[in-house]
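All chains are named by letter (A, B, ...) in the order of the sequence lines, taking the proteins before the strands, and each is independently numbered beginning at 1.
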Amino acid sequence: LDLDTAKQELEEFIPHVRQMSDHSVRKMAGRDLMRFKQFKKQGIAIKFGRFSEKENNQIRKNIEEFLSITGIENAEKLLFTSRFPEERETIHRLKAEHLFCEKLSQGIPRAWRLIYYRARKMFDPNNYKGRYTKEEKEKLKKYHALHGNDWKKISEMMSRSNLSVAMKYSEIKSPIKYGRWSKKEIQRLMHAVEEVIVKRTEPEGANSRSSSKESHRNLLVDREKLLQKLPWTEIEAKVRTRYWRQCKQKWTSILTNKMTKGQQLYRGTNGLQAKINLIKRLYEMKVEDANEVNWGELSNIIGDVPRSYVQAKFHKLKVCYVPFWQKKTFSEIIDYLYEEKLPELEQKL
DNA sequence: AATTGGATACCGACAAGGCA
DNA sequence: TGCCTTGTCGGTATCCAATT
């Protein structure tokens, strides 16, 4: 199968296939194309984004079955074979013999690689360890000083996953401030954001003042897009006192304020109406999993606000009004809100 | 003045892309 | 395949202001 044909055939399942490296496309063609076509026959679309609870359960089931077929003791041995040098050969042989790749991805309409990584996260005993203690943070800094970016080594020393230690370190590597933002910091943030936006829309050459103002105005219209794709590490460097994720979050809240012109859209009667509308719309959508919801579409319920604002509001509704929400599925939560809470809210109106 | 609930901030979990 | 980096999502603790 040559590369161009592969790209062409894959395109209907993976819209961004043209931007992928040739190497990944080849891999995907070999491992996934057949599966994708099978799913298409059954009328099932290939998915992206967060895994639904259903998919997670399917992975658990697939792993469990594979373990019982091969007699491999546990998921860690299956998914982190290199941690068990003595048994490596045997496990590899069993995986090949019993078609591990195929079995793992059974019933899940996604690229194989994504499923594999999801499974590794789920079954890594070094994952899900909760917050870092002070001592752990100190240890992490010490180990990094000794071993540099050898996250694999550090993760073993700390019994945390590679991903976890790498991310935590990037947060704590330089001293940052916590707590409320000072005026100066906010100013630096706004400046930094403006700079990267102007730089982006004005590729070298066009540098006249008027065109800069012009593009600035156009960008304000296009803010939803801008909100999502700013170079936050660059901005972090310009702000200096904050970590990039703090910057991003602060920017979102500033933007929300600007968009709502400081009105309190979610207070008093407005807020009540917004809650009611939100519940109604979600109920009407009949969606089974939270990541199928198009939150951007719902934002007009509250007003001119970013998507994340609506999501946060929904979260609040859920936590405040739905008992045992952690144990309920998304549609159960929506049903509860609609049946139990909606009448109450409407009465208050 | 106390209570209550919304806003804000923190940070772990996650997806996905690149490179070797 | 494995590993690292960058960017997004979501749960929770805390802060603060409106309400009683």
Side-chain angles (χ1 to χ4, degrees), chain A residues 14 16-17 19-25 27-28 31 47-52 55-56 79-83 92 95 100-101 110-122 124 127-132 136-137 148-155 160-172 176-181 227-236 242-254 256-257 260 262 264-268 270-272 274-275 290-291 293 295 305-321 325-326 330:
Chain A
I14 313 286
H16 58 277
V17 72
Q19 284 104 271
M20 287 167 60
S21 72
D22 291 352
H23 182 73
S24 320
V25 174
K27 287 271 164 181
M28 201 181 257
R31 213 159 27 200
K47 291 186 57 179
F48 303 91
R50 291 177 86 84
F51 280 66
S52 66
E55 289 175 300
N56 288 332
L79 295 161
F80 298 88
T81 311
S82 60
R83 289 180 191 169
H92 275 314
K95 278 159 88 169
F100 172 64
C101 298
R110 294 193 186 241
W112 185 85
R113 200 177 118 104
L114 303 182
I115 302 169
Y116 179 66
Y117 275 97
R118 179 75 195 116
R120 281 174 55 111
K121 272 180 202 154
M122 287 167 69
D124 186 348
N127 218 352
Y128 312 106
K129 292 258 176 131
R131 301 209 152 187
Y132 281 66
E136 276 186 305
K137 286 184 210 170
N149 283 18
D150 190 346
W151 303 122
K152 203 185 165 205
K153 189 168 205 165
I154 295 173
S155 94
R160 294 262 190 180
S161 71
N162 301 6
L163 199 66
S164 173
V165 289
M167 288 209 326
K168 193 64 194 175
Y169 184 75
S170 79
E171 181 194 330
I172 62 175
I176 54 170
K177 275 179 64 180
Y178 294 97
R180 294 189 89 71
W181 287 61
L227 189 61
Q228 289 167 4
K229 270 283 176 191
L230 294 178
W232 288 109
T233 45
E234 214 175 299
I235 294 170
E236 170 189 299
R242 302 277 176 164
Y243 175 52
W244 68 265
R245 252 184 291 172
Q246 294 171 296
C247 295
K248 182 172 188 281
Q249 214 148 1
K250 186 61 186 171
W251 173 242
T252 310
S253 80
I254 290 173
T256 305
N257 254 313
T260 60
Q264 305 214 301
L265 294 172
Y266 210 71
R267 286 223 178 252
N270 279 345
L272 213 49
K275 283 175 194 164
N291 44 35
V293 178
W295 297 100
V305 294
R307 191 178 48 133
S308 56
Y309 188 82
V310 191
Q311 277 172 304
K313 290 306 162 201
F314 172 70
H315 176 70
K316 198 70 190 172
L317 274 181
K318 176 173 74 177
V319 175
C320 294
Y321 293 147
W325 56 272
Q326 290 103 327
F330 184 71

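- Counting non-hydrogen atoms under 4.0 angstrom, A:K121 reaches a base of the nucleic acid.
- Rounded to whole angstrom, the span from the CE atom of A:M167 across to the P atom of C:dC9 amounts to 14 Å.
- Atom pair A:Q246:CD and C:dG7:P shows a separation of 16 Å (rounding to whole Å applied).
- Here the closest heavy-atom approach between residue A:W244 and residue A:E236 is recorded as N-OE1, 2.7 Å.
- Among the atoms of the strands shown, base atoms are found under 4.0 Å from some heavy atom of A:R113.
- Side chain of A:R110, nearest nucleotide from B:dA16, C:dT5, C:dG7: B:dA16.
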request  = Output, in order, the C-alpha distance, side-chain angles, deciding distance and verdict of side-chain contact (heavy atoms from CB on, under 4.5 Å) for A:R113 and A:Y117.
outcome  = CA-CA 6 Å; A:R113 200 177 118 104; A:Y117 275 97; 4.0 Å; yes
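- Following rounding to the nearest Å, A:L114 (CG) and C:dT1 (P) show an atom-to-atom distance of 14 Å.
- For the pair A:R120 and C:dC3, the criterion of a side-chain N or O lying under 4.0 Å from OP1 or OP2 is met.
- Of the candidates B:dG12, C:dC3, C:dT1, the closest approach to any side-chain atom of A:N162 belongs to C:dC3.
- Distances shorter than 4.0 Å separate some side-chain N or O of A:W151 from OP1 or OP2 on C:dT5.
- Between A:K250 and B:dA9 there is a side-chain polar atom (N or O) within less than 4.0 angstrom of OP1 or OP2.
- Taking all atoms of both residues into account, the shortest heavy-atom contact from A:L79 to A:F100 is CD2-CZ, 3.9 Å.
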Detail all sub-3.5 Å separations between protein N/O atoms and N/O atoms belonging to nucleotides 14-16 of chain C.
none

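- The distance between atom NZ of A:K152 and atom C1' of B:dA20, rounded to the nearest whole Å, is 14 Å.
- The CZ atom of A:F100 sits 12 Å away from the C1' atom of C:dT1 (whole-angstrom rounding).
- Pairing each heavy atom of A:W112 with each of A:C101, the nearest pair is NE1-O, 3.0 Å.
- Using five terminal pairs a side, the axes of the helix from B:dA1-C:dT20 to B:dA20-C:dT1 at its two ends make an angle of 10°, given in steps of 10 degrees.
- Within the structure, a side-chain polar atom (N or O) of A:K168 is placed less than 4.0 Å from OP1 or OP2 of B:dG12.
- One finds the CH2 atom of A:W151 at 12.0 Å from the OG atom of A:S161 (value rounded to the nearest 0.5 Å).
- Considering every non-hydrogen atom in both A:D124 and A:F80, the closest pair reads CB-CZ, 3.5 Å.
- A salt bridge links A:R160 to A:E136: one of the charged nitrogens lies within less than 4.0 Å of a carboxylate oxygen.
- In terms of polar N and O atoms assigned as donor or acceptor, the side chain of A:Y117 never comes within less than 3.5 Å of the base of B:dG17 in a complementary pairing.
- Atom pair A:Y132:OH and B:dC10:C1' shows a separation of 15 Å (rounding to whole Å applied).
- To the nearest 0.5 Å, atom OG1 of residue A:T81 and atom NE2 of residue A:H92 are 5.0 Å apart.
- In this structure, A:E55 pairs ionically with A:R110, as a charged nitrogen and a carboxylate oxygen lie closer than 4.0 Å.
- Across the protein-nucleic acid pair, A:F80 atom CZ and C:dT1 atom C1' stand 13 Å apart, rounded to whole Å.
- One interatomic measurement links the two molecules: NZ of A:K248 to C1' of B:dA9, which rounds to 14 Å at whole-angstrom precision.
- Atom NZ of A:K153 has 12 or fewer neighbouring heavy atoms from other residues, nucleotides or ligands inside a 6.0 Å radius.
- Note on A:R242: only backbone sugar-phosphate atoms sit closer than 4.0 angstrom, heavy atoms only; bases stay farther off.
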